[in-house]
Amino acid sequence: MTQTGNPLFLDFCGLAFDSPLVLLSGCVGFGEEYTRVKGFSNRDVGAICLKGTTLEPRLGNKPHRVYETPMGMLNAIGLQNPGVDHVVGNILPELDFNETRFIANVSGSTVEEYHEVTRRFDDSPIDAIEINISCPNVKEGGVAFGNDPDMSARVVEACRRATEKPLITKLSPNQTDIGENARRCIEAGSDGFAVINTLMGMAIDIEKRQPVIGNNQGGLSGPAIKPVALLKVHQVYQVCKHHRIPIIGQGGVNSAEDAIEFLIAGASAVGVGTALFYDPLICRKLNDGIQTYLERHQIANVQALTGTLQLNNQPGC
Ligand SMILES: Cc1cc2nc3c(=O)[nH]c(=O)nc-3n(C[C@H](O)[C@H](O)[C@H](O)COP(=O)(O)O)c2cc1C
């Protein structure tokens, strides 16, 4: 890992990212899934977020778990995972930490569970911990915590007590004032944010008059959510810029232009999730496109682009 002469290099919560791209939780298994694809390399991205992990193993929701929608995808996987001890004991030792940074994604049904899972990851080589308080696909915890600033702060506080590793809080778009929630999470000890998780949605089979998704509702991801995600990143950045807290912007990134929009809106890094399902080799194209843009605009490096949005004058009404 070197930062010399690499315009895509950035420092994210003290971690060296060789690219602003981050592979998103739930879209890359536990960091090994895409390494089997010819031409794919973990070295093309700054970091990889592992699948959501809970204290005990979870089988996840009944099918259907995914459904394609116009310009997007609904999913309700239900946090299927083998449990934190298996991840720490069997999966992390197989990952090559020279290739990229690995970020755990922690979920729980209680504040205590978040604390305990974080504590077990603290005692592992993982580089950082993402707190998922925004999963729409589980009955307890998840978005129920993330939509309430008091509960969000309690979860962050509990995780903060369990680790000194960088803590990244993944915020829900399904709430009234995301900026206020971010402010409370910073007070509670969050070092960074992931903005946004999926939006809640539904698809209906009109012949059966039943929801298509086994869980009835699911999380909407992909290009359909990009405009919502950009506004939320902009709103969270208004709070974060005063504290030098970085954001991983995400939601529908599908091209270098999309990634650049997120950086301008205030993100320091940019997540790629759903796009990997139809183009597993997209990251190299995104890196090239971002670099070309920096050169064309004579911007020295990607960090200089973050938050450069110039708002229009307030339109009259
Ligand atoms: C199939 C699937 C599974 C996901 N699982 C998780 C998860 O376990 N934890 C989490 O924090 N986010 C999860 N997400 C949300 C993504 O990490 C990401 O925040 C969201 O999909 C928006 O980005 P995208 O539009 O680029 O996919 C999942 C998304 C998908 C599509």
Side-chain angles (χ1 to χ4, degrees), residues 21-31 33-34 45 47-54 58 60-61 63-84 87 103-108 114 117 128-138 141-143 145-146 155 159 167-174 192-201 213-215 218-230 232-233 236 247-255 258-259 261-262 267 269-280 282-283 286:
L21 302 182
V22 175
L23 302 185
L24 294 178
S25 181
C27 303
V28 284
F30 282 93
E33 211 159 270
Y34 281 87
V45 295
I48 298 181
C49 296
L50 307 185
K51 175 65 187 164
T53 302
T54 48
R58 284 178 65 109
N61 293 330
H64 296 297
R65 292 170 162 200
V66 292
Y67 181 72
E68 191 171 349
T69 60
M71 298 301 285
M73 180 176 137
L74 276 175
N75 93 81
I77 308 295
L79 290 176
Q80 180 184 355
N81 78 94
V84 64
V87 175
I103 301 173
N105 180 276
V106 168
S107 263
Y114 277 97
V117 179
I129 293 164
E130 182 174 70
I131 315 172
N132 179 9
I133 46 168
S134 45
C135 181
N137 300 326
V138 286
V143 82
F145 288 158
V155 174
C159 295
L167 272 183
I168 300 158
T169 308
K170 189 156 178 177
L171 296 177
S172 163
N174 305 297
F193 288 105
V195 182
I196 56 174
N197 207 324
T198 52
L199 284 150
M200 285 180 183
I213 295 282
N215 186 50
L220 182 65
S221 62
I225 71 169
K226 195 190 83 178
V228 178
L230 278 172
K232 300 290 175 188
V233 168
V236 173
I247 300 167
I248 307 173
Q250 57 199 269
V253 170
N254 199 22
S255 66
D258 292 339
E261 278 189 83
F262 274 96
V270 180
V272 186
T274 302
L276 292 165
F277 291 105
Y278 44 92
D279 185 1
I282 192 171
C283 289
L286 300 185

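Each residue takes its place number in the sequence, starting with 1. Just so you know, ligand 1 is whichever comes first in the structure, and atom 1 is the first atom listed for that ligand.
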Closer than 3.5 angstrom, by distance alone: can the side chain of N215 be matched with the main-chain N or O of A76 as a donor-acceptor pair? no
Please identify each residue that fulfils salt bridge (Lys or Arg N to Asp or Glu O under 4.0 Å) with K51, with sequence neighbours left out. none
If the condition is ring pair (Phe, Tyr, Trp, His ring centres under 6.0 Å), which residues does Y34 pass it with, not counting sequence neighbours? F40
For P82 and V87, the nearest pair of non-hydrogen atoms, with its separation, is CG-CG2, 4.0 Å
Measure from every N or O atom of ligand 1 to the protein's N or O atoms and keep only the pairs below 3.5 Å, writing each with atom names and distance to 0.1 Å.
| from | atom 1 | to | atom 2 | distance (Å) |
| --- | --- | --- | --- | --- |
| ligand 1 | 5 (N) | K51 | NZ | 3.1 |
| ligand 1 | 8 (O) | K51 | NZ | 2.9 |
| ligand 1 | 8 (O) | G52 | N | 3.2 |
| ligand 1 | 9 (N) | S25 | OG | 3.1 |
| ligand 1 | 9 (N) | N105 | OD1 | 3.2 |
| ligand 1 | 9 (N) | N132 | ND2 | 3.3 |
| ligand 1 | 11 (O) | N105 | ND2 | 2.9 |
| ligand 1 | 11 (O) | N132 | ND2 | 3.1 |
| ligand 1 | 11 (O) | K170 | NZ | 3.1 |
| ligand 1 | 12 (N) | K170 | NZ | 3.0 |
| ligand 1 | 14 (N) | S25 | O | 3.2 |
| ligand 1 | 17 (O) | S25 | O | 2.7 |
| ligand 1 | 17 (O) | K170 | NZ | 2.8 |
| ligand 1 | 19 (O) | K170 | NZ | 3.0 |
| ligand 1 | 19 (O) | I196 | O | 3.4 |
| ligand 1 | 19 (O) | Q250 | OE1 | 2.8 |
| ligand 1 | 25 (O) | G222 | N | 2.8 |
| ligand 1 | 25 (O) | G252 | N | 2.7 |
| ligand 1 | 26 (O) | G273 | N | 3.1 |
| ligand 1 | 27 (O) | T274 | N | 2.8 |
| ligand 1 | 27 (O) | T274 | OG1 | 2.6 |

Which atom pairs, donor and acceptor, lie under 3.5 Å between side-chain atoms of residues 21-29 and protein residues at least two apart or in another chain?
| from | atom 1 | to | atom 2 | distance (Å) |
| --- | --- | --- | --- | --- |
| S25 | OG | L50 | O | 2.8 |
| S25 | OG | G52 | N | 3.4 |

Near F30 CZ, under 6.0 Å, is it more than 12 heavy atoms from other residues, nucleotides or ligands? yes
